[in-house]
There are 2 protein chains.
Amino acid sequence: MATPATARTEGLRDRKKRETRTALSDAALDLAAERGLDHVTVDDIAERAGVSTRTFFNYFPSKEDAVLIPDDDLGTRIRTMVLNRPRHEPPLTAVREMLLDEIGTADVDHHRWVLRMQVVRQHPDLLNRAFLSGAATEQQLANALAERLDLPADHTYPRLVAAAAGAAFRVAITRWSTPTDPPVLADVLSEAFHLLERGLPAPTEQP
Amino acid sequence: MATPATARTEGLRDRKKRETRTALSDAALDLAAERGLDHVTVDDIAERAGVSTRTFFNYFPSKEDAVLIPDDDLGTRIRTMVLNRPRHEPPLTAVREMLLDEIGTADVDHHRWVLRMQVVRQHPDLLNRAFLSGAATEQQLANALAERLDLPADHTYPRLVAAAAGAAFRVAITRWSTPTDPPVLADVLSEAFHLLERGLPAPTEQP
DNA sequence: CACCAAGGTGCAGACACTGCAAACTTGCAG
DNA sequence: CTGCAAGTTTGCAGTGTCTGCACCTTGGTG
């Protein structure tokens with residue numbers, strides 16, 4: 001049959017749960033994009049998703065999480081990916097390739113990101129949580145880099161590389177999530193890293 | 001007289017207001033550093049500061065703000081400072097010098113920052129709000145850079161420079177706010193910017 | 001001294017979020 | 001197909017954040 005492989009082990013129970021989850025995050029994203037996150041209550045979201053308010057909190061700890069859908073495993077995944085890059089690669093290169101792999105693997109829904117950015121634009125403080133699932137992930141990236149370089153965990157260098165990489169990632173997705181003229185995400189990200197590797201020269205300085 | 005200029009126009013009323021404000025933020029910072037921000041209620045803070053709960057909200061919109069004391073003018077201040085830098089300076093240099101000026105002017109209390117970092121370490125998502133008063137300020141920096149370079153406001157380059165500068169600033173203050181071995185803030189910041197300007201070479205690559 | 005504006009306070013109320021226990025659904029074995 | 005065990009949904013009570021409003025107190029001013 002055409003049934004996806006996941007369906008073999010997935011019963012009615014798990015399917016419903018997954019449906020409820022996406023119904024909730026869809027409702028949250030749509031409503032927030034329409035009226036702005038402040039003018040959406042959890043009751044609104046639950047009602048549109050067709051479940052009780054209490055159930056909402058069984059799936060997401062807060063309104064924000066329903067909109068952003070943080071990836072809890074991303075931190076550890078990033079960690080192992082960075083440690084598995086070839087030894088000879090410079091740190092920034094390793095991080096760049098790791099991120100390109102990641103966005104290549106995870107199929108990112110452009111339309112969804114456009115909506116999400118509409119929300120984030122009204123709440124700039126969500127920016128960091130939105131892209132790398134928060135500052136904690138960046139921390140783990142910094143730790144992985146420190147380990148890779150045999151440096152103490154609180155050394156300036158790995159932290160700066162991680163923070164700069166996070167900056168590049170945020171800028172790339174922000175640009176890519178613009179309604180008009182959406183370029184290829186991998187290209188924008190590569191461009192941002194290229195600029196970082198060149199020391200951020202002024203546009204007039206580059207031929 | 002030795003009386004500061006501000007005291008001339010400041011009556012009892014304004015003095016009390018200022019005292020209440022610092023009493024509240026002191027109480028918030030101390031309590032949060034002791035027990036962690038989650039285990040501190042606004043009532044606790046108000047009680048220690050000797051005012052009513054309602055009064056707390058007349059001064060700060062939230063617990064977090066009392067601990068972080070965001071600087072609302074920072075965005076516009078940064079903007080004019082960046083636009084006033086000499087024309088010939090590369091963007092990253094202009095931002096570096098601007099930030100060095102800023103931390104030189106504002107007298108930053110080291111002890112207070114150490115406490116604040118204890119809180120932030122338990123709530124990494126506060127990191128951005130803590131240092132540049134949030135992502136909105138970084139946005140304004142990006143806008144100022146775009147204007148300076150005659151680029152569209154949503155161009156990749158100014159956004160990336162602003163984000164990278166924010167990263168450097170965060171890393172510098174994080175390092176400086178460590179209880180042990182607190183180096184000079186300006187030095188750490190300069191070092192971070194130097195690394196950025198060099199394209200973040202691996203430590204082994206630098207002689 | 002008398003008035004006024006500004007700050008402090010209490011109260012009611014909206015909303016976010018959590019723990020608990022009851023009701024219900026699904027998966028599975030007998 | 002029947003019934004039990006496990007997982008899910010839900011209501012409810014309770015805590016805590018935060019806001020608008022009305023009242024009161026007090027410093028500044030003429």
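Just so we're on the same page: letters track the sequence lines, and every chain starts at 1.
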Can a donor-acceptor pair be found, under 3.5 Å and without considering hydrogens, that links the side chain of A/Tyr157 to the backbone of B/Leu200? yes
Does this structure show an ion pair linking A/Glu147 with A/Arg79, if we count only N-O contacts that are shorter than 4.0 Å? yes
Which word best sums up how the rings of A/Phe169 and A/Phe131 line up, parallel for under 30°, tilted for 30 to 60°, or perpendicular for over 60°? perpendicular
B/Ser52 side chain: which of C/dG10, C/dA16, D/dC18 is closest? C/dG10
Less than 4.0 angstrom from a charged side-chain N to a carboxylate O is my criterion; do A/Asp38 and A/Lys63 meet it? no
Out of D/dT9, C/dC17, D/dT19, whichever nucleotide has its closest atom nearest the side chain of B/Phe57: D/dT19
Roughly, in whole Å, what's the span from CG in A/Leu24 to P in D/dT8? 14 Å
Which residue lies more 5' along DNA chain D, comparing A/Asn58 with B/Glu64 via nearest heavy atoms: A/Asn58
At 4.0 Å (heavy atoms only), tell me whether B/Ser62 reaches a base, stays on the sugar-phosphate, or touches nothing. sugar-phosphate
If the sugar-phosphate is the primed atoms plus P, OP1 and OP2 and the base is the rest, what is the B/S/- string for nucleotides 24-30 of chain D, using protein heavy atoms under 4.0 Å? --BBS--
Under 4.0 Å, heavy atoms only, any strand: does A/Tyr59 hit a base, just the sugar-phosphate, or nothing? sugar-phosphate
Measure the distance from CZ on B/Phe56 to C1' on C/dC11 and round it to the nearest whole Å. 19 Å
Remember a base hit wins even if backbone is also touched, and classify B/Thr20 as base, sugar-phosphate or nothing at under 4.0 Å, heavy atoms. sugar-phosphate
Winner on side-chain proximity to B/Thr55, out of C/dT9, C/dA16, D/dC18, is C/dT9
Looking at B/Arg54 and C/dG7, is any side-chain donor or acceptor paired with a base atom of the opposite kind under 3.5 Å? no
Under the 3.5 angstrom rule, does the side chain of B/Asn84 hit a backbone N or O of B/Thr80 as a donor-acceptor pair? yes
Rounded to whole angstrom units, what separation is found between the NZ atom of A/Lys63 and the C1' atom of C/dA14? 12 Å
What is the distance, to the nearest angstrom, from the NE2 atom on B/His39 to the P atom on D/dT15? 16 Å
How close or far is atom P of C/dT25 from atom CD of A/Glu19, stated in whole angstroms? 16 Å
Answer yes when B/Glu19 and B/Arg13 have at least one side-chain N-carboxylate O distance shorter than 4.0 Å, and no when they do not. no
d(CD, A/Glu47; C1', C/dC15) in whole Å: 16 Å
What is the distance from CZ of B/Phe60 to P of D/dT17, rounded to the nearest Å? 15 Å
Measure from NZ on B/Lys17 to P on C/dA6 and round the result to the nearest Å. 10 Å
For B/Val42 and B/Phe57, run side-chain contact (heavy atoms from CB on, under 4.5 Å): C-alpha distance rounded to whole Å, both residues' side-chain angles, the deciding distance at 0.1 Å, then the answer. CA-CA 9 Å; B/Val42 173; B/Phe57 288 107; 3.8 Å; yes
